[in-house]
Amino acid sequence: SVIEKSKRLAAFAAVDEHLLGEHRVIGIGSGSTVPYVVERIVSQGPELNKARVFIPTGFQSKELIVSSHLNLGDVDQYPTLDITFDGADEVDRDLNCIKGGGACHLREKVLAEAAKTFILVADYRKNVEFLGTNFSQGVPIEVVPFAYAKVLQNLRGTLGSPNAVLRMAKMKAGPVVSDNANFIIDAPFATDVMKDPYTIMARIKMLTGVVEVGLFCHMAKAAYFGNEDGSVTVKW
Ligand code: DER
């Protein structure tokens, strides 16, 4: 499909441009775009890759590394990474992004922060001026199950997200459970609130019981978007 082609375009361009021979410790994000990142890394050949170690951002990411026969490492062993590649749900003009559509944003943010360079790869739907333009389900928030009702009440009340909801699973009765055994809340905010993502991120993060917020502000060095016409847009 056009969307899959655009994901591949973005991933290939990003790897070709940013993954250097001397890069040894590489963070691999989650979602449906990062498999193309791994495909391009594998194509750099066994010589380069046997000297590298790849750090996953969750179950899916780990499976991808293992099935691609790349060296699997742990963030415990490598608390600092050379570069992390990850997808996004939306990226605004300042490279702030919404992440967590796949309920993996806690470990993703750990590896995004731990990397000297953090690169985003996405299809054209994610390339927006302001957050919330296309991705309308809201800001993903990982919460400890014990606190979810209280956090939900705060979001719907003082935080100004009346439509905040607990993310329910599709193939399982009950809520989505993250790789860290927590729940996810999706909290939509008004357009003007999303024009200052850092402020709302900080306010959400302060709620007791919130583990991590799916707003990544001032973290990415560059974002690559594949376009429908086969071109690539880079924001930095
Ligand atoms: O959950 C996440 O943050 C993922 O990176 C995800 O949002 C990106 O998804 P996609 O690459 O499948 O669009």
Side-chain angles (χ1 to χ4, degrees), residues 1-15 26-41 54-65 68 81 83-92 95-115 118-128 131-143 167 169-170 175-180 182-188 194 197 201 204 211-217 219-228 232-233 235:
S1 77
V2 173
I3 289 179
E4 284 309 306
K5 283 198 187 79
S6 73
K7 291 177 183 178
R8 194 164 189 271
L9 268 170
F12 279 32
V15 170
I26 295 144
I28 299 295
S30 311
S32 62
T33 307
V34 284
Y36 297 113
V37 167
V38 171
E39 179 185 337
R40 194 61 168 178
I41 292 173
F54 295 84
I55 318 299
T57 53
F59 183 93
Q60 179 231 356
S61 172
K62 178 181 172 187
E63 290 289 290
L64 177 61
I65 292 165
S68 303
L81 287 75
I83 187 166
T84 292
F85 293 94
D86 202 347
D89 294 306
E90 247 184 3
V91 186
D92 74 9
L95 290 191
N96 300 313
C97 59
I98 298 179
K99 282 177 62 51
C104 296
H105 64 277
L106 170 61
R107 298 189 189 191
E108 288 173 339
K109 198 180 258 191
V110 171
L111 295 200
E113 192 177 75
F118 177 48
I119 303 291
L120 294 168
V121 291
D123 63 74
Y124 52 89
R125 300 170 300 170
K126 318 311 188 57
N127 184 6
V128 296
L131 298 180
T133 304
N134 295 340
F135 190 76
S136 52
Q137 75 184 50
V139 176
I141 303 162
E142 182 154 339
V143 295
R167 187 182 297 180
K170 292 193 171 49
V176 165
V177 177
S178 74
D179 292 332
N180 317 298
N182 292 317
F183 288 167
I184 304 290
I185 288 173
D186 289 304
M194 296 302 278
M201 177 196 74
I204 298 168
V211 179
E212 196 46 78
V213 184
L215 289 172
F216 289 34
C217 300
M219 297 183 83
K221 180 172 189 181
Y224 286 73
F225 305 94
N227 296 316
E228 290 172 281
V232 175
T233 299
K235 278 176 173 174

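Both counts, for ligands and for their atoms, begin at 1 and track the order of listing.
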Self-check item: salt bridge (Lys or Arg N to Asp or Glu O under 4.0 Å) evaluation trace for Arg107 with Asp179
Solution: CA-CA 9 Å; Arg107 298 189 189 191; Asp179 292 332; 5.1 Å; no
Exercise. Please name all residues satisfying salt bridge (Lys or Arg N to Asp or Glu O under 4.0 Å) with Asp186, sequence neighbours left out, ordered by chain then number.
Key: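 Arg167.
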Quiz item: Name the residues with a heavy atom less than 4.0 Å from ligand 1?
Solution: Ser30, Gly31, Ser32, Thr33, Asp86, Gly87, Ala88, Asp89, Lys99, Gly100, Gly101, Gly102, Glu108, Lys126
Quiz item: Would you find more than 12 non-hydrogen atoms of other residues, nucleotides or ligands less than 6.0 Å from Lys235 atom NZ?
Solution: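 Result for NZ/Lys235: enclosed.
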Looking at every heavy atom in both [X] and [Y], which two are closest together, and how far apart are they?
X      : Y      : value
His105 : Gly100 : ND1-CA, 3.6 Å
Leu120 : Cys97  : CD1-SG, 3.8 Å
Asp92  : Leu131 : N-CD2, 3.6 Å

